[in-house]
Participant: 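Below is one structure. I have some questions about it.
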Amino acid sequence: MNRRTVQELGAAFVIVAMLLGFTWFAWLRLPADRSVITAKATVVSLAPGLGSKSNLRQPYALLSLQLDDGMPVTLTRPLSCLPRVKPGDRIQLSGVHNHGGAILWSIVGEPCPE
């Protein structure tokens, strides 16, 4: 094999490895099963999301929550989809486990469910 063929094979290997890696990361974020977990949480704080000026995302907020078992949870929601909550409010959450083991939480009754 000449040098150019080896370089092309190496480049093809790198591209395939990157595609497999992206696919694996996307798969990790998908729900692992359809069993729904419910929990109650207290709103600890609300903060505006800080995106870059070149970012064309809509304005968003960061919600810091504390579940009844003491576990902290942070959710990001667009301002247009944020339910009317303030620190100290109690909210109901529902979620499913993803393939990575984390729980994908959503607020019950939010205007734009995820």
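Everything numeric here is computed off the predicted structure, so don't read it as measured data. We use all heavy atoms of the structure for the numbers below, so side chains are in, but hydrogens, waters and symmetry mates are not.
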Participant: Rounded at 0.5 Å granularity, tell me how far CH2 in Trp105 sits from CG in Leu65.
Facilitator: 10.0 Å
Participant: What residues, two or more places apart in sequence or in another chain, satisfy side chain to side chain donor-acceptor pair (under 3.5 Å) together with Thr74?
Facilitator: none
Participant: May I have the list of side-chain donor-acceptor pairs in residues 87-95 shorter than 3.5 Å, sequence neighbours left out?
Facilitator:
| unit_1 | atom_1 | unit_2 | atom_2 | d |
| --- | --- | --- | --- | --- |
| Asp89 | OD1 | Lys86 | NZ | 3.4 |
| Asp89 | OD2 | Lys86 | N | 2.9 |
| Arg90 | NH1 | Thr42 | OG1 | 2.9 |
| Arg90 | NH1 | Asp68 | OD1 | 2.8 |
| Arg90 | NH2 | Asp68 | OD1 | 3.0 |
| Arg90 | NH2 | Asp68 | OD2 | 3.1 |
| Gln92 | OE1 | Lys40 | NZ | 3.3 |
| Ser94 | OG | Ser106 | OG | 3.4 |

Participant: Do Val16 and Leu19 share a hydrophobic cluster, counting only Ile, Leu, Val, Met, Phe, Trp and Tyr and linking them when any side-chain heavy atoms are less than 4.5 Å apart?
Facilitator: no
Participant: Is there a continuous path of hydrophobic side-chain contacts, each under 4.5 Å between heavy atoms, that joins Val85 to Val44?
Facilitator: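 Different clusters.
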Participant: Ala61 and Leu82: which non-hydrogen atoms are nearest, and at how many Å?
Facilitator: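 Minimum heavy-atom contact is CB-CD2, 4.0 Å.
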Participant: Just jot down the side chain to side chain donor-acceptor pair (under 3.5 Å) partners of Glu8, sequence neighbours excluded, or say none.
Facilitator: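 Result, side chain to side chain donor-acceptor pair (under 3.5 Å) vs Glu8: Arg4.
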Participant: Residues two or more places apart in sequence or in another chain: which of them pass side chain to side chain donor-acceptor pair (under 3.5 Å) with Asn2?
Facilitator: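 For Asn2, the residues satisfying side chain to side chain donor-acceptor pair (under 3.5 Å) (neighbours in sequence not counted) are Thr5.
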Participant: If you define the side chain from C-beta out and look only at heavy atoms, does anything of Arg77 sit under 4.5 Å from Glu110?
Facilitator: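 With C-beta onward as the side chain, the pair touches.
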Participant: List, by chain and number, the other hydrophobic cluster members for Met18, where Ile, Leu, Val, Met, Phe, Trp and Tyr join if side-chain heavy atoms come within less than 4.5 Å, directly or indirectly.
Facilitator: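 Under the 4.5 Å side-chain rule, Met18 groups with Val14, Phe22.
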Participant: Supply the atom-to-atom distance Leu75 CG to Leu63 CG, rounded to the nearest 0.5 angstrom.
Facilitator: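 Between atom CG of Leu75 and atom CG of Leu63 there are 6.0 Å.
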Participant: Is there a continuous path of hydrophobic side-chain contacts, each under 4.5 Å between heavy atoms, that joins Val108 to Ile103?
Facilitator: no
